[in-house]
Amino acid sequence: MPSSTTKRALITGAGAADGIGIAIARQLGLAGHAVFLNGASARVLDRAAELCAEGINAKAAVADLTIAAEVARLRADVGAVDILVNNAGSGLAGIALGR
């Protein structure tokens, strides 16, 4: 049972296995907080499963935060949060930017 000091955290942009979002979620979870991960792809579900395997109270939802209806669904699914880590962004995975 969570203590009265347990907080609920929503971390957006938490799909990358080696990203800052999952690192922050892990640290919040290890501190005893419940974490809810968001990402634009289904890989965020894998990140939540990894955290759960580590004993962290973690859940996840796929939602594209550029689409209002998906933001509304995410908000309804997550409910009230105490901590928001607004880490969502757009990446260029695998693309070389040098010319």
Note: with side-chain heavy atoms under 4.5 Å as the link, the other cluster members for Leu45 come out as Ile11, Ile20, Ile22, Ile24, Leu28, Leu30, Val35, Leu37, Val44, Leu51, Ile56, Val62, Ile83, Val85
Do Ile67 and Leu74 share a hydrophobic cluster (ILVMFWY, side-chain heavy atoms under 4.5 Å, transitive)?
no
In terms of heavy-atom contacts, Ala60 and Ala48 come closest through CB-CB, 3.6 Å
Do Arg8 side-chain atoms and Ala34 backbone N/O form a donor-acceptor pair below 3.5 Å?
no
Once salt bridge (Lys or Arg N to Asp or Glu O under 4.0 Å) is applied, do any residues pair with Arg26, and if so which ones, sequence neighbours excluded?
Glu54
CZ of Arg73: more than 12 outside heavy atoms within 6.0 angstrom?
yes
Measure across Asn38 and Leu10 and return the closest heavy-atom pair with its distance rounded to 0.1 Å.
CB-CD1, 4.3 Å
On a heavy-atom basis, which atom in Thr12 and which in Ala88 lie closest, and how many Å separate them?
OG1-N, 2.9 Å
Main-chain N/O of Ala40 paired to Asp64 side chain as donor or acceptor, under 3.5 Å
no
